[in-house]
K.L.:
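Just passing along the structure, written as structure tokens.
The figures here come from the full heavy-atom set of this structure, side chains too, leaving out hydrogens, waters and symmetry mates. Order of appearance sets the numbers: ligands from 1, and atoms from 1 within every ligand.
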Amino acid sequence: MILVTGGAGFIGSNFILDWLATCDEPVVNLDALTYAGNLHNLASIKDDPRYTFVHGDIGDTALIADLFGKHQPRAIINFAAESHVDRSIHGPEDFIQTNIVGTFRLLEATRAYWSSLVDRAAFRFLHISTDEVFGTLGATDPAFSEITQYQPNSPYSASKAASDHLVRAYHHTYGLPVLTTNCSNNYGPYHFPEKLIPLVIHNALEGRSLPIYGDGQQIRDWLYVKDHCSAIRRVLEAGTPGETYNVGGWNERANLDVVHVLCDILDELAPKSDGASYRKQITFVTDRPGHDRRYAIDARKIEVELGWRPVETFESGIRKTVRWYLDNAEWVRGVTSGSYRNWVEKQYA
Ligand code: NAD
Ligand code: DAU
């Protein structure tokens, strides 16, 4: 049995769906159901006997101890976090609370449980982190590797960096068998439409403006979410405790180019009745404060040591993603209207 935290979010829900599609090992999903948690994503497995949902906070020590006692997980995968950079700029408090204090409490509860295990070496604590902890790159700098210095620039990335350091310390000091992955920008199904790609698809179809921060020349390294999930499974299976693994898609793209691609695919798959291109909706807006210019991941370690490479190219992944949003307008409506929260209350009353 594995315990997944934050499994009702974007990456966590994709991970659980893929996990149960590829193996029979049961999963417990612990999620606080913040605005980003959506149990609708997991409706297809709601009654699957291999799946258990627990509503709760990673910072709730008593609840975590109870979960460990009841389910005896062989591994924990910690996705739970506040994840949106812009929100961290407007209000960092929740980021400090969940990403730092919450991870600390989860580590403490895990240490107590792990200390009581007979086979302590077989246990794993896999912490899901981000490339943003490395800071920003110039146009010709080499990509981030596992030994790049941490230089986080936003409250979000600083809180993730702090959690990464705690995870590292629990290995170094107590011997807890931890693994950390630092991944680049994900995209794909169930992505909350506050993030660039789903926001642009949604706004385009609604006839709204497509906001580009600053000059739109900031670069991100895009990875299809299912590829991130397969990387996590591989690290859990074969990663060396105490090591970190960078995960990326070898897909550096400037934001404006990403938005152009989205508009072009939408022009083809959902043409506007007046024949105009969605590109006409692009609007340049004030830049994000402290906006990191470029991220790029050197993913050679995970390829050489663990044999993992992404399957999707940007072209194949982005087309699948647009198609998914067009085919799942109901999901988008639920999220943007807030009705997904009513659904959760009804289902779990
Ligand atoms: P998300 O915001 O979509 O989901 C986060 C989930 O965590 C939600 O279901 C939320 O309800 C839950 N949660 C929040 N606080 C909690 C708490 N205190 N206790 C229990 N659950 C809580 O995030 P995401 O995009 O799926 O990201 C998941 C993880 O991956 C995060 O740790 C993030 O830093 C990391 N990451 C994300 C990306 C990306 O591009 N989205 C890239 C690299 C790394
Ligand atoms: O790099 C990994 C990180 O990627 C994760 O750790 C974060 O959890 C995840 O949210 C993401 O962070 P970004 O800030 O890169 O993602 P976002 O989708 O918010 O923005 C992508 C780029 O697009 C960024 O340069 C800001 C820009 N942007 C974003 C929005 C929402 C715009 O130009 N306009 C927008 O409206």
Side-chain angles (χ1 to χ4, degrees), residues 4-15 29-39 41-42 54-60 63-64 77-89 94-95 97-99 101-103 105-106 127-134 136 144 152-154 156-157 159-160 163-164 180-188 190-200 203 209-223 225 228 232 246-249 253-256 258-259 282-288 291-297 344:
V4 165
T5 72
F10 163 47
I11 305 173
S13 57
N14 275 287
F15 179 84
N29 173 18
L30 170 72
D31 198 296
L33 298 181
T34 67
Y35 79 94
N38 184 351
L39 288 177
N41 305 0
L42 298 161
V54 178
H55 186 192
D57 195 305
I58 55 167
D60 184 340
L63 171 69
I64 306 287
I77 307 180
N78 184 32
F79 291 94
E82 288 294 334
S83 70
H84 191 36
V85 175
D86 292 328
R87 284 181 191 257
S88 84
I89 294 167
D94 289 347
F95 290 73
Q97 211 49 50
T98 284
N99 300 1
V101 179
T103 303
R105 295 222 176 107
L106 184 64
H127 181 60
I128 306 302
S129 192
T130 169
D131 60 358
E132 301 206 7
V133 297
F134 299 118
T136 187
F144 303 131
N153 287 322
S154 70
Y156 162 68
S157 54
S159 68
K160 290 296 289 185
S163 67
D164 293 7
T180 298
T181 52
N182 292 90
C183 189
S184 61
N185 284 65
N186 285 214
Y187 66 100
Y190 305 115
H191 205 180
F192 199 87
E194 63 184 351
K195 310 278 169 68
L196 180 70
I197 288 179
L199 180 127
V200 163
N203 279 15
S209 65
L210 313 180
I212 305 282
Y213 297 166
D215 63 3
Q217 293 309 312
Q218 304 82 6
I219 290 172
R220 297 292 182 264
D221 180 351
W222 294 96
L223 179 71
V225 64
H228 189 188
I232 294 167
N246 280 5
V247 184
R253 293 282 187 290
N255 292 340
L256 188 56
V258 169
V259 174
I282 290 173
T283 313
F284 289 87
V285 299
T286 309
D287 208 351
R288 171 186 279 175
H291 200 170
D292 286 336
R293 195 69 181 165
R294 175 178 166 236
Y295 303 145
I297 280 279
V344 165

K.L.:
Which atoms of ligand 1 have any heavy atom of Ser129 under 4.0 Å away?
P.N.:
43 (C), 44 (C)
K.L.:
Within less than 4.0 angstrom of ligand 1, does Phe192 place any heavy atom?
P.N.:
no
K.L.:
Report yes if some N/O of His191 lies less than 3.5 Å from some N/O of ligand 1; otherwise report no.
P.N.:
no
K.L.:
List every atom of ligand 1 that sits less than 4.0 Å from any heavy atom of Asn185, numbering the atoms from 1 in the order shown and giving each element.
P.N.:
40 (O)
K.L.:
Looking at Lys195 and Asp86, is there a salt bridge between them, counting it only when a charged N and a carboxylate O are closer than 4.0 Å?
P.N.:
no
K.L.:
Looking only at heavy atoms, which two atoms of Gly249 and Ser184 are closest? And how far apart?
P.N.:
N-OG, 4.0 Å
K.L.:
With respect to His291, determine whether any N or O atom, backbone or side chain, lies less than 3.5 Å from an N or O atom of ligand 2.
P.N.:
yes
K.L.:
Can you pull out the closest protein heavy atom to atom 16 (O) of ligand 2? Residue, atom name and distance to 0.1 Å, please.
P.N.:
Asn185 ND2, 3.5 Å
K.L.:
Is it the side chain, the backbone, both or neither of Leu33 that has a heavy atom closer than 4.0 Å to ligand 1?
P.N.:
backbone
K.L.:
So which atom in Ala8 and which in Leu33 form the shortest heavy-atom distance, rounded to 0.1 Å?
P.N.:
CB-CD2, 3.8 Å
K.L.:
Report the part of Glu194 (side chain from C-beta onward, or backbone N, CA, C, O) that has a heavy atom under 4.0 Å from ligand 2; answer both or neither where that applies.
P.N.:
backbone
K.L.:
Could you see which bit of Asp31 sits under 4.0 Å from ligand 1, with heavy atoms only: side chain, backbone, both or neither?
P.N.:
both
K.L.:
Using a plain distance cutoff, I'd like to know if Ile58 has any nitrogen or oxygen under 3.5 Å from a nitrogen or oxygen of ligand 1.
P.N.:
yes
K.L.:
Using a 4.0 Å cut-off to any heavy atom of Ile212, which atoms of ligand 2 qualify?
P.N.:
33 (O)
K.L.:
Within the 4.0 Å heavy-atom shell around Phe79, which atoms of ligand 1 are there?
P.N.:
28 (C), 29 (C), 31 (C), 32 (O)
K.L.:
List every atom of ligand 2 that sits less than 4.0 Å from any heavy atom of Tyr295, numbering the atoms from 1 in the order shown and giving each element.
P.N.:
1 (O)
K.L.:
I'd like to check which ligand 2 atoms, numbered from 1 as shown, lie under 4.0 Å from a non-hydrogen atom of Asn255.
P.N.:
22 (C), 23 (O), 24 (C), 25 (O), 27 (C)
K.L.:
I need the atoms of ligand 2 closer than 4.0 Å to a non-hydrogen atom of Thr130, numbered in the order shown.
P.N.:
1 (O), 2 (C), 3 (C), 5 (C), 6 (O)
K.L.:
Looking at Gly6, which atoms of ligand 1 are within less than 4.0 Å of one of its heavy atoms?
P.N.:
6 (C), 7 (O), 9 (O), 12 (C)
K.L.:
Which heavy atom of the protein is the closest neighbour of atom 20 (O) of ligand 2, given with residue, atom name and distance?
P.N.:
Arg288 NH2, 3.9 Å
K.L.:
Where do Thr283 and Ser209 come nearest, in terms of heavy atoms and distance?
P.N.:
OG1-CB, 3.1 Å
K.L.:
Under 4.0 Å from any heavy atom of Lys195, which atoms of ligand 2 are there?
P.N.:
10 (O), 18 (O)
K.L.:
Considering the heavy atoms of Lys160, write down every atom of ligand 1 situated less than 4.0 Å from one of them.
P.N.:
31 (C), 32 (O), 33 (C), 34 (O)
K.L.:
List every atom of ligand 2 that sits less than 4.0 Å from any heavy atom of His84, numbering the atoms from 1 in the order shown and giving each element.
P.N.:
19 (O)
K.L.:
Using distance alone, decide if ligand 2 has a nitrogen or oxygen within less than 3.5 Å of any nitrogen or oxygen in Gln218.
P.N.:
no
K.L.:
Under 4.0 angstrom from ligand 1, any heavy atom of Ser184?
P.N.:
yes
K.L.:
Taking all heavy atoms of His84 and all of Phe95, pick out the closest pair and write down the distance.
P.N.:
O-CZ, 3.3 Å
K.L.:
Going by distance only, is there an N or O of Ala80 that falls short of 3.5 Å from an N or O of ligand 1?
P.N.:
no
K.L.:
Which class fits the ring pair Tyr213 and His291: parallel under 30°, tilted 30 to 60°, perpendicular over 60°?
P.N.:
perpendicular
K.L.:
Assess Ser13 for proximity to ligand 1: is some non-hydrogen atom of it under 4.0 Å away?
P.N.:
no
K.L.:
Strictly distance-based, threshold 3.5 Å: is any side-chain N or O of Thr181 a donor or acceptor partner for the main-chain N or O of Cys183?
P.N.:
no
K.L.:
Give a yes or no on whether the backbone of Arg294 and the side-chain of Thr136 come within a donor-acceptor separation of less than 3.5 Å.
P.N.:
yes
K.L.:
What I want to know is whether Asp57 and ligand 1 share at least one N or O pair that is separated by under 3.5 angstrom.
P.N.:
yes
K.L.:
Purely on distance, is any nitrogen or oxygen of Cys183 under 3.5 Å from one on ligand 1?
P.N.:
no
K.L.:
Is there a polar contact between ligand 1 and Thr98, counting only N or O atoms under 3.5 Å apart?
P.N.:
yes
K.L.:
For a quick test of reading the model, state the closest non-hydrogen atom pair linking Asp131 to Phe144 and the distance between them.
P.N.:
O-CE1, 3.7 Å
K.L.:
How far is atom 8 (O) of ligand 2 from the closest protein heavy atom, and which atom is that?
P.N.:
Ser83 O, 2.7 Å
K.L.:
Around atom 30 (O) of ligand 1, find the nearest protein heavy atom and jot down its residue, atom name and distance.
P.N.:
Ile128 CG2, 3.4 Å
K.L.:
Output the list of atoms in ligand 2 that are nearer than 4.0 Å to some heavy atom of Tyr156, sorted by atom number.
P.N.:
5 (C), 6 (O), 7 (C), 8 (O)
K.L.:
Below 3.5 Å, N or O to N or O, backbone or side chain included: is there any such pair between Asn186 and ligand 1?
P.N.:
yes
K.L.:
Would you please determine whether Thr5 falls within less than 4.0 Å of ligand 1 on a heavy-atom basis?
P.N.:
no
K.L.:
Below 3.5 Å, N or O to N or O, backbone or side chain included: is there any such pair between Asp131 and ligand 2?
P.N.:
yes
K.L.:
Quick check on contacts: which atoms of ligand 1 are under 4.0 angstrom from a heavy atom of Ala8?
P.N.:
9 (O)
K.L.:
Compare every heavy atom of Tyr156 with every heavy atom of Ser88, then report the nearest pair and how far apart it is.
P.N.:
OG-N, 3.1 Å
K.L.:
Answer yes or no for Arg220 and Tyr187: cation-pi contact, defined as NZ/CZ to six-membered ring centre under 6.0 Å and angle to ring axis within 45°.
P.N.:
no
K.L.:
Which atoms of ligand 2 sit under 4.0 Å from any heavy atom of Leu199?
P.N.:
36 (O)
K.L.:
Could you tell me whether Tyr213 and ligand 2 have an N or O pair separated by under 3.5 Å?
P.N.:
yes
K.L.:
Purely on distance, is any nitrogen or oxygen of Leu196 under 3.5 Å from one on ligand 2?
P.N.:
yes
K.L.:
Quick check for you: to the nearest 0.5 Å, what is the distance between His55 atom NE2 and Leu63 atom CG?
P.N.:
10.0 Å
K.L.:
Using a 3.5 Å cut-off on N or O atoms only, is Thr34 in polar contact with ligand 1?
P.N.:
yes
K.L.:
I'd like to know if the side chain of Asn41 and the backbone of Ser13 have a donor-acceptor N/O pair within less than 3.5 Å.
P.N.:
no
K.L.:
Please could you name the atoms of ligand 1 that Gly37 approaches to less than 4.0 Å, counting only its heavy atoms?
P.N.:
8 (C), 9 (O), 11 (O)
K.L.:
For ligand 1, which atoms have a heavy atom of Gly56 less than 4.0 angstrom away?
P.N.:
19 (N), 20 (C)
K.L.:
Start with the C-alpha gap between Asn78 and Thr5, add the side-chain angles, then the distance that decides, and say whether side chain to side chain donor-acceptor pair (under 3.5 Å) holds.
P.N.:
CA-CA 5 Å; Asn78 184 32; Thr5 72; 2.6 Å; yes
K.L.:
Keeping Lys160 on the side-chain end and Glu82 on the backbone end, is there a donor-acceptor pair under 3.5 Å?
P.N.:
no
K.L.:
Taking atom types as modelled and ignoring hydrogens, do the side chains of His127 and Ser163 form a donor-acceptor contact shorter than 3.5 angstrom?
P.N.:
yes
K.L.:
Would one find an N or O of Gly9, backbone or side chain, under 3.5 Å from an N or O of ligand 1?
P.N.:
yes
K.L.:
Is the closest heavy atom of Tyr156 to ligand 1 under 4.0 Å?
P.N.:
yes
K.L.:
Is Ile197 touching ligand 2 with its side chain, its backbone, both, or neither, if touching means heavy atoms under 4.0 Å apart?
P.N.:
neither
K.L.:
Decide whether an N or O pair under 3.5 Å exists between Pro211 and ligand 2.
P.N.:
yes
K.L.:
Any chance the side chains of Tyr295 and Gln218 put a donor and an acceptor closer than 3.5 Å?
P.N.:
no
